Structures are given as C-alpha cells and as structure tokens.
Amino acid sequence: MGRKLLGAQGLPQGVAAGRSGVLSVGAFPRDRRRHLALVVNRALVYAVLTAVVGAVYFGIIAVAAGLGSWAGLVAALAAGALFHPVRQRLQEVADRLFKVERDPYRVADRLNQSVQRASGPAEALESAATAIRQALQADGVAVEVLLSDGSLRRVCDGEPGEQATPLIWHGRPVGRLLLAGEPPDPGLLDMLVRHLAEVAHAVRLTADLQRSRERILATREEERRRLRRDLHDGLGPTLASLAMTVDEARLRLSKDPAAVDPLLHRVRSQMATAIGDVRDLVYGLRPPALDELGLEGALRSLAEGPGPRVVVVVTGRLKDLPPEVGVAAYRIAQEAVTNVRRHAHATTALIRLERQEELWLTVSDDGIGLLEERRNGVGLASMRERAAEAGGDCVVTGRPGGGTEVVVRLPLKAEEGAR
C-alpha cells in the first residue's frame, strides 16, 4: 500500500489537530474510531480490574499479617478466585458504557424485537440490516435477497464490503449478507445470519405472493374480457336476430301464412345457435362434466378423445374436494392433454391423481419432450396461473427417459381434509 499521506502537520490523513494541538477524535474515520473505542474499553476494564484485585490482595495481607507466610498464599488464592467474575462484571459495565453487546442471545433478541416492530417484511429487512450493523460494529451492511424470478432485492446500511455470508433457509439459499470492516465473531455472525434468513425468506414469499396476485388479476380481467366479447359479439347478435325474425313472422302471419314457415325454420336455427353459445359460456365458467361425472369421471372422459392412449390412475377419494380445486385440476389436466395431443408426438400419456394431505396431479407422456419455444407458451402459463389461483403450484419439466411431465400441487382446506 505504501506509506500513508501526511497532512500539513505531519499527521496521517483523517486525523486533525485542534487549535490547542490536541487530536480531534471525531476526525478519525469510522474504523479508527471503533479501534480506539475498543482500546479504551479494554484499558478501562483492566485498569479497574488491576486496582480491585490489587486492593483485595494487599488488603488480605494487611488483615492476615499474623498468619505469617500463609497470608500471601491466602491473598493470592482470593485474588485469583475474584479475577474472572470481577473481570466479567467490569466488562459488562464497560460494554454498556460504550454501547457494545457481546451476548449473542441478547443480540438475537434485539434483532427479533426490531423485526417485530416493522410493519412488513420489506421494512423488517431494513430494520434487521441496521440491527446487525450495530451488533457487529460493522462499517457497512448489505442484505441481498434472491427472489424466485431471479432478481435481487438489496437493502444497505452504510457502505457494504466484500465479506459475503450466504443466507440459508431449510437448505435453500435465499440471499447473502455483505459486511464491511473487520471480520466479526463467527458464533455471533452465525446466530444473526440464521435469524436474517427467516426475514429474507419472508421477503421472498411476499414478493412471490404479489406477483401471483398480479397474475391472477390479469387472468381474471382477461376472462371478463372474453365473456364480454362472447356475449357482445356472439350471443347478443344472435338473440337480436332471433327477435327480428319473430317480429317478421308475426307481421306476415295474417297476410301471407305460407311465408311464415321458412321464418320459423330460421328461428329454430338461430335458437340452436344461441343454445350453443350459452353452452360454451357455461362450459367456460365450469365444465359440466365435473357436475355430471365428478372429477375422476371427467378425466376418464377426457382420456377417451382421439390421439395417443391416455391412462388415468386415481388414488384416494375425490367426492368432497373443494370446488375450486376440482376445477383447477381438471382444467390443468385438460390443457396438459391438449398439449400432448397437439405437440408431443407421443404414443402414451398418463394422468395420475393422488389425494394425500394435498391433491397431487401428474400428467406425463413419452413424446419428444418440452421444446424451447414452448417453455413459456400461453398454455403452460395458464396451467401455472390456475394452480396459483387455487393456492398451489405447477412445475413442467422434461422426463429423464424422454417426454414431458407436469406436476401440480393443490392444497386442500383443513376442514375438507378432515371429513
């Protein structure tokens, strides 16, 4: 590094001299002030400790002078016995005086209190960063949270350094802690990192929940636009044309009865079209097959369509499933089977439905696998959004032996699962 630059008075940079020539401690950089505080802390503790132990030692010698040579031994034993507890007590007093906390449990409790006072996970992360900087006496702290979409959320207190410590929650990395300054006590750092990982995980869950809500709202608005378009452009004109045809038939009935019969045929055709439009709208809201056949029957009916052979395997009872779970499972299976028939070039597909504490749906095939251009297609996004709307998740991966596998987890309500 070379020698430090000297100021006009021959002092290192960052150290200023007042008018009286006395050094100004406030001019020291933060790390030098911290080192100075540590030196003063230790010097004060051992100065007072020396005075107390010395007073005890010479006091016992003076009191027990009649014991002769035994007085020195008794004084030494007493001073030795008092040395450790007195030093600990003096260190605690000095730490309170210099606002230093060395007990990891008290530090963790202080961190938890700062997090609990926060109004949300984002504010809790900022409070945790500040509390950790104070506890570790660091020059700077930064907390980086790895979100599920690959982005980073970063919170800083001071200028962070390059000392990186990973944040692990249940074996999964959720971010890292960056520190500036001298390396902290490993035991204290480990305890703080464990608590900070909980906060980072909460921030990650909150971000996931917000994105899920946004996707659900977007999907709901798209569904409303679709219904409006179908009603306005499909069913509405059909009913209007039907009314006009009936009026025309009524006017011709008295003057030209023979011309009414073709009008009635047209009315019958328009009514059939209207009924088909209504059926399509109803099917878009909730598949009638679920009400008529149940989830298992609806899936078996779905498997009977043209294309590769589809096998359905069901484990557990399905009669008392929550309605939203049944609709989500059927719609996801329908979309997955449609993808198999259109794109997979498969010979066999398997729909496996298993009810445990949660409902698990797996749709797999022996086709060509998941092509790169279809990894983020509309159909796959629709399956994920339907699973998220029901509170679950959907994962689409390639199978090791070839083909594609869709794995869906749908949570069940506690009261439904207890029946």
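Treat the numbers as computed from the prediction; the structure is a model and nothing was measured.
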Checklist outcome for this item: Tightest non-hydrogen contact, residues Thr404 and Gly369, listed as OG1-C, 3.3 Å
Item to check | Arg252 side chain vs Pro257 backbone, donor-acceptor pair below 3.5 Å | outcome: no
Next on the checklist: Quick check on Arg268: does its CZ atom have over 12 non-hydrogen neighbours (other residues, nucleotides or ligands) under 6.0 Å away?
Outcome noted: no
Checklist entry - Yes or no on side chain to side chain contact (heavy atoms under 4.5 Å, CB included) for Leu146 and Val174, after CA distance, side-chain angles and deciding distance? => result CA-CA 5 Å; Leu146 178 62; Val174 294; 6.0 Å; no
Item to check | 4.5 Å side-chain heavy-atom contact, Arg154 and Cys156 | outcome: yes
Next on the checklist: Run Ser241 and Gln270 through side-chain hydrogen bond (donor to acceptor under 3.5 Å, both in side chains) and show every step you take.
Outcome noted: CA-CA 8 Å; Ser241 177; Gln270 291 172 340; 2.6 Å; yes
Checklist entry - Which residues satisfy the ring pair (Phe, Tyr, Trp, His ring centres under 6.0 Å) test with His201, sequence neighbours excluded? => result Trp169
Next on the checklist: Taking atom CZ as the centre, does Arg342 end up with more than 12 heavy-atom neighbours from other residues, nucleotides or ligands that are less than 6.0 angstrom away?
Outcome noted: no
Checklist entry - Does any non-hydrogen side-chain atom of Val337 lie less than 4.5 Å from one of Leu299? => result no
Checklist entry - Is the shortest side-chain N to carboxylate O distance from Glu296 to Arg300 below 4.0 Å? => result yes
Next on the checklist: Quick check for you: to the nearest 0.5 Å, what is the distance between Leu179 atom CG and Ile132 atom CD1?
Outcome noted: 8.0 Å
Next on the checklist: Assess the residue pair Leu412 and Leu359 against the criterion (side chain to side chain contact (heavy atoms under 4.5 Å, CB included)); give the C-alpha distance rounded to whole Å, side-chain angles, the decisive distance to 0.1 Å, and a yes or no.
Outcome noted: CA-CA 7 Å; Leu412 303 174; Leu359 186 67; 4.2 Å; yes
Item to check | Criterion side chain to side chain contact (heavy atoms under 4.5 Å, CB included) on Leu353 and Trp360, from CA distance to verdict | outcome: CA-CA 6 Å; Leu353 198 63; Trp360 289 87; over 6 Å; no
Checklist entry - Where the side chain of Ser269 meets the backbone of His265, is there a donor-acceptor pair that is under 3.5 Å apart? => result no
Checklist entry - Quick one: do Asp320 and Arg355 make a salt bridge, cutoff under 4.0 Å? => result yes
Checklist entry - Is there side-chain contact between Ile351 and Leu361, with heavy atoms separated by less than 4.5 Å? => result yes
Next on the checklist: So which atom in Ala207 and which in Leu147 form the shortest heavy-atom distance, rounded to 0.1 Å?
Outcome noted: CB-CD2, 3.9 Å
Next on the checklist: I need the minimum non-hydrogen distance between Val363 and Ala336, along with the two atoms involved.
Outcome noted: CG1-CB, 3.8 Å
Item to check | Rounded distance (nearest 0.5 Å) linking atom CG of Asp365 with atom CZ of Arg309 | outcome: 13.0 Å
Checklist entry - Side chains of Arg153 and Glu144: closer than 4.5 Å at any heavy-atom pair? => result no
Checklist entry - Within a reach of under 6.0 Å around CZ of Arg172, are more than 12 heavy atoms found that belong to other residues, nucleotides or ligands? => result no
Item to check | From Met244 atom CE to Asp247 atom CG, the distance as rounded to the nearest 0.5 Å | outcome: 8.5 Å
Next on the checklist: Within this structure, what is the CG-OG1 distance for the pair Leu263 and Thr245, rounded to the nearest 0.5 Å?
Outcome noted: 7.0 Å
Next on the checklist: One pair to check against side chain to side chain contact (heavy atoms under 4.5 Å, CB included): Val406 and Thr362. What are the steps and the verdict?
Outcome noted: CA-CA 5 Å; Val406 178; Thr362 304; over 6 Å; no
Checklist entry - So do Leu177 and Val141 actually touch side chain to side chain, heavy atoms under 4.5 Å? => result yes
Checklist entry - Do you know the tightest heavy-atom contact between Ala328 and Ala390? => result CB-CB, 4.2 Å
Item to check | Check against side-chain hydrogen bond (donor to acceptor under 3.5 Å, both in side chains), Gln356 and Glu354 | outcome: CA-CA 6 Å; Gln356 302 172 358; Glu354 184 176 4; 2.7 Å; yes
Item to check | NE2-OG1 distance between His343 and Thr338, expressed to the nearest 0.5 angstrom | outcome: 9.0 Å
Checklist entry - Does any non-hydrogen side-chain atom of Leu192 lie less than 4.5 Å from one of Leu196? => result no
Item to check | Within-4.5 Å side-chain heavy-atom neighbours: Asn339 and Arg341 | outcome: no
Checklist entry - Out of curiosity, Arg176 CZ to Leu167 CG, how far, rounded to the nearest 0.5 Å? => result 10.0 Å
Checklist entry - How close do Val155 and Ala129 get, heavy atom to heavy atom, and via which atoms? => result CG1-CB, 4.3 Å
Next on the checklist: Run the side chain to side chain donor-acceptor pair (under 3.5 Å) test against Arg194 and tell me which residues pass, sequence neighbours left out.
Outcome noted: Asp190
Item to check | Distance-only side-chain donor-acceptor flag, Thr347 / Asp366, under 3.5 Å | outcome: yes
Next on the checklist: What I'd like to find out is whether the side chain of Val340 reaches to under 4.5 Å of the side chain of Pro308, using heavy atoms alone.
Outcome noted: yes
Item to check | Arg352 atom CZ, neighbour heavy-atom count above 12 within 6.0 Å | outcome: no
Checklist entry - What's the shortest heavy-atom distance between Pro173 and Ile168, and which atoms? => result CA-CD1, 3.8 Å
